[in-house]
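Quick caveat, the model's predicted, so the values are computed rather than measured.
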Amino acid sequence: MAEDELKTVRYKMTGPSVTQRLFTGAALLGLSTFIVALIAVSVGPFNVPFSNTASIMLDLVGLGDSTADPTERAIIQSIRLPRILLAFMVGAGLGISGGVMQALFRNSMADPGIIGVSSGGAAGAVVVIALGLNTVSGFFLPLGAFIGSMIAMTVVFVIANVGGRFSMATLLLGGIAVSSFLSAITTAIIILTDDLTVQRQIIFWIAGGVDMARWESVQIVSPIILVGVVITVFAARDLNLLLVSEDEARSLGVRLGLIRSVLMILASLITGAAVAFSGIIAFVGLVVPHVMRLIVGADHRVLLPLSALAGGLFLLVADTAARIILSPAELRVGIVTAMFGAPFFVYLLVKNRSRVSML
Amino acid sequence: MLVGIKSSNVVGFFIGLVLLTFIACDGSNSNPEKTSLKISTVTPIPVEEVIQPQPTPTYMPTSTATVVPSTSSSVSDERASTPTADPGPADLGFDVNRFKDVPGIVDTTNFGWPRDIETSEGLVTLEKPPIKVHSLSLGHTEILAALMDFSKISAVYSFFTDPEQSNIADLAKSHNMIGFDPEEVVALEPEIVIASRFTDADNVALLKDAGIPVARASLENSALGNVPNILLIGYMVGAEKEAVLLADEIEDRMKAVGDILNGDDLPRVLSISKFTSIFAAGSDSTEGGIIEQAGGINAAADSGIEGHQQVTIEGIAAINPDVIVVPQPIDGAHAFIKELKSSAALFEVPALMNDRIYYVMPKYHTTLSHWNVRGVEEMAALLFPSDFQDLDTNDFSHYTP
């Protein structure tokens, strides 16, 4: 049989290869992200003519010399661009973290915050707000949130390692316990504080959003999320083996404990960084990996990178909608992710009922 | 067919993308100075609201007031014919006609005891002037503090002591303080509890079930709008004279402001606060009401914002106000003003260009009571400094025997 015929037969039996699926999905999502980003940078409460937007963008990349109004330039350069990038980064981080958590726990209800990272971030942020440190510097709030996330993660890992034997079940249950405990602390601070301003700040931070994005935020969060995503994607093959059969994975040289720990820590770091700069944006980390699994299948070599891209795209779309629906006011992005994402997710679930039962 | 991905999913995906593009293009064409879409998503917690968990009350106090469960406004014929019910205007020392159209007073000719009031919480009969009154809101407590001895107010909540948010912080500091548990209110045995429109219905129901008479009085966003409310509360606690004096003072001070305003060259004023995100006060907000009563145009309401809604720096640039006021605690306010002044996107906004961005005391601008008049006077002086330089802007007095 000729080589071409063999390829055709193999394709019909197994479907497209991992590389084909990955590159096709990445190309589609990348193109869509580019289009949405162009729209996002062009629209907003302040009316910047598209020609001026284009000239400012070209000027920023060193092509041309924009004569646009300084206000228009400031809005594009200092407000819209960092916000777009932060929304994409946070969405990508939540998307891939959700995919990793769902795989490691073999639990479709797992989300990036399942081991208490989000609650830790919220508790850290709430402490910073209650102490008034957020009025001293804008970076104390994300710093507090990130420290809270990391403390929560460390405590849960210590609980899961009690007795020297790491247990995923203990990790999960410990995560739920720590998460509940930290949520109780957050609620207690909200209720016990005398200061209405503090209460408001906490409530709005918890509601999540990227409206306060600055270039500094992007510079801090991007390396953490990008490095985390790249390492996670490289570990996807081992994750596949681990999920098929632990014995088989072991026989192929996969160090199960190490790979689990590394992936868990990476997912937590990514989530912590995302939560630190955006608050708690629910739904993205839970739903995006599900949706992508329904579309591209459960191979994590494809699923994880595409979940990152889709998460970034989804949050970018949601944030753009949040900016323009009530312009010049805006919605919290979490409201938009839930309002538009949930019906779409239900539609996919109903449409793919047979596949859902196998996931 | 696209490799590995079902074509129907791809088509659905791109339909979504096209829809977004459609929405986005619509948004880009909108006039930044006039947005017609009006959807209210009020997010900040009103200062008036008191959050209360709801345990079951365990104490049944005795009371000098009785509650008639029926919402009927009819009073018993027997009481209506009681001669002591109306001692006559000549003996009272205030203009009884001020109470003529006050909603909630059942018999506007009866200035004796017992007396009836009827609010949305039903009919309450007060047998004698109450000496233990409890208010569930800061605004009503501020009004009570002007009408009666503060010692007759059974307790205060902790945030009443915040000098930036409360106009009675000095009085509240040394007063009996309780938490948000309704059981604590029941234990105080108040003769009447005054709830506001922000008070949770379950809390009111718990108090009523425990036998505590509750009256729900309104709190309006405008200083003059609160006059009937002040008269009702004055009637409720037997402080009609003080209520009329306060009402007169409010009207006189508002008239003084109105007389100076000439109605020309109305500045567009934006009231914003930052609580991790930025919020603008649109239509139906206390801050917006104060701006308009002080002769300005509420720029947020003018741009289609209702209630308190989140905005961004870009949104502020789009609203393009002539004046910005920041009614929030001073620490956050100064940092926020600094942030606004350093934002390149706002350099061409008239408020920034003309250095017309001001911190204002939140207690005059966010609490719903007669103290909003101080907010109006302060705002008018900021907007029209030369016109209002001679205006007397004293604080209101608390009750003195």
What distance separates [X] [atom1] from [Y] [atom2], expressed to the nearest 0.5 Å?
{"X": "A/Phe204", "Y": "B/Ile278", "atom1": "CZ", "atom2": "CD1", "answer": "12.5 Å"}
{"X": "A/Leu192", "Y": "B/Ser158", "atom1": "CG", "atom2": "OG", "answer": "9.5 Å"}
{"X": "B/Glu314", "Y": "A/Ser78", "atom1": "CD", "atom2": "OG", "answer": "11.0 Å"}
{"X": "B/Phe180", "Y": "A/Ile191", "atom1": "CZ", "atom2": "CD1", "answer": "9.5 Å"}

Contact class of B/Ile316 relative to chain A, heavy atoms under 4.5 angstrom: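 For B/Ile316, no heavy atom lies under 4.5 Å from chain A.
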Side chain / backbone / both / neither for B/Ala280 at chain A, heavy atoms under 4.5 Å: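 Contact with chain A is absent: no heavy atom of B/Ala280 under 4.5 Å.
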What is the minimum heavy-atom distance between [X] and [Y], and which atoms define it?
{"X": "A/Pro328", "Y": "B/Val311", "answer": "O-CG1, 3.7 Å"}
{"X": "A/Pro45", "Y": "B/Ala318", "answer": "O-CB, 3.2 Å"}
{"X": "A/Trp205", "Y": "B/Thr276", "answer": "N-OG1, 3.7 Å"}

Scan side-chain atoms only and decide if [X] and [Y] contain a donor-acceptor pair under the 3.5 Å cut-off.
{"X": "B/Thr312", "Y": "A/Asp211", "result": "no"}
{"X": "A/Arg200", "Y": "B/Ser273", "result": "no"}
{"X": "B/Glu348", "Y": "A/Thr71", "result": "yes"}

Check against side-chain contact (heavy atoms from CB on, under 4.5 Å), A/Glu330 and B/Ser277: CA-CA 11 Å; A/Glu330 64 175 65; B/Ser277 292; over 6 Å; no
Proximal component of [X], with respect to chain B [non-hydrogen, under 4.5 Å]:
{"X": "A/Leu141", "answer": "side chain"}
{"X": "A/Arg323", "answer": "side chain"}
{"X": "A/Ile129", "answer": "side chain"}

Option in A/Val198, A/Val302, A/Thr193, A/Ile79 with maximal non-hydrogen atom pairs under 4.5 Å from chain B: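 It is A/Ile79.
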Contact leader toward chain B among A/Ala74, A/Gly209, A/Ala329, where contacts are heavy-atom pairs under 4.5 Å: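 Greatest number of close heavy-atom pairs with chain B: A/Ala329.
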Taking [atom1] in [X] as the centre, count heavy atoms belonging to other residues, nucleotides or ligands within less than 6.0 Å. Is the count above 12?
{"X": "B/Met177", "atom1": "CE", "result": "yes"}
{"X": "A/Phe23", "atom1": "CZ", "result": "no"}
{"X": "B/Phe347", "atom1": "CZ", "result": "yes"}

For A/Asn52, side-chain hydrogen bond (donor to acceptor under 3.5 Å, both in side chains) partners two or more places apart: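 If we apply the side-chain hydrogen bond (donor to acceptor under 3.5 Å, both in side chains) test to A/Asn52, skipping adjacent residues, the hits are A/Glu72.
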Which residues share a side-chain hydrogen bond (donor to acceptor under 3.5 Å, both in side chains) with A/Ser66, sequence neighbours left out: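 Counting only residues at least two positions away or on another chain, A/Ser66 forms a side-chain hydrogen bond (donor to acceptor under 3.5 Å, both in side chains) with A/Ser55.
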